[in-house]
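The structure appears below as structure tokens.
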Amino acid sequence: SQTIHQWPATLVQPVGSPLSLECTVEGTSNPNLYWYRQAAGRGLQLLFYSVGIGQISSEVPQNLSASRPQDRQFILSSKKLLLSDSGFYLCAWTPGGRSDTQYFGPGTRLTVL
Amino acid sequence: ILNVEQSPQSLHVQEGDSTNFTCSFPSSNFYALHWYRWETAKSPEALFVMTLNGDEKKKGRISATLNTKEGYSYLYIKGSQPEDSATYLCASRGSSGTYKYIFGTGTRLKVLA
């Protein structure tokens, strides 16, 4: 069976510090991978998605970046965090296809102070 | 750019009541519509994926319908129970050529015992 891991679960970082969130998927190959963010009182916002190694599509121009160094690994990064980066970050994967559903990781709660 | 809207934003119902929510999405370039259930402190969990106009899906006491021509989907819960309390999200995928899922802001349901 497939599982998705995300870490860390919670993170408190000062403004201006770097960020690295990691997501890995087990039990499947060539998944489509996604990073979402839920800011306080808002819905899920798509940040990045990837359909293959090294292929990243950015949906929101900001100080975040994503990378996919391996087939089942997706990393969200920032060189300098802003207060507005606080939120709940979710990684998700899909196997592909029209009726595919998204499977979400446990999430990371990021607080930028 | 897709704009997915959900209503109501939140609602409280008594145990045993039936309820329904609405998800509206642009009807042009429709590809698939997803419903998710998101409980506090957990990850979103897939309920339904719907692709055809007139689709009806059912899972226990929860069912959903789809109208792609007018751009809406209804989610119904029959005989609400306290464990149904959660945020219900819908997400639209706009066309076969995109892997993007655009989420609504969700309907927060509280079932009172």
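Naming convention: chains lettered A, B, ... in sequence-line order (proteins, then strands); numbering from 1 in each chain.
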Closest heavy-atom pair, R93(B) versus D100(A), reported as atoms and distance to 0.1 Å, is NH1-OD1, 3.2 Å

Honestly, the part of Y36(B) sitting under 4.5 Å from a heavy atom of chain A is side chain

Checked A46(B), P44(B), G106(B) vs chain A; the most non-hydrogen pairs under 4.5 Å come from P44(B)

In terms of hydrophobic clustering (I, L, V, M, F, W, Y; side-chain heavy atoms under 4.5 Å; direct or indirect links), are L76(A) and L83(A) co-clustered? yes

hydrophobic_cluster_shared for V51(A) and I75(A), side chain cutoff 4.5 Å:
no

Turns out that what part of S57(A) lies under 4.5 Å from chain B's heavy atoms comes down to neither

Taken to the nearest 0.5 Å, the spacing of K100(B) NZ from Y34(A) OH works out to 11.0 Å

For Q9(B), I'd like to know if atom CD has over 12 heavy atoms of other residues, nucleotides or ligands within 6.0 Å. no

Within the distance-only criterion (no hydrogens, no angle test), does the side chain of Y101(B) pair as donor or acceptor with the backbone N or O of L46(A) below 3.5 angstrom? no

Under 4.5 Å to a heavy atom of chain B? For L44(A) that would be both

Between the OH atom in Y99(B) and the CD atom in Q55(A), the distance rounded to the nearest 0.5 Å is 9.0 Å

Are the ring centres of Y36(A) and F103(B) closer than 6.0 Å? yes

Applying a strict 4.5 Å limit to non-hydrogen atoms, the region of Q45(A) in contact with chain B is neither

CD of Q38(A) to CG of L89(B), rounded to nearest 0.5 Å, is 8.0 Å

Practice prompt. Consider only side-chain heavy atoms of I, L, V, M, F, W and Y, link residues closer than 4.5 Å, and tell whether V12(A) and L64(A) are in one cluster.
Written response: no

Note: P106(A) and S43(B) closest approach over all heavy atoms is CA-OG, 3.2 Å

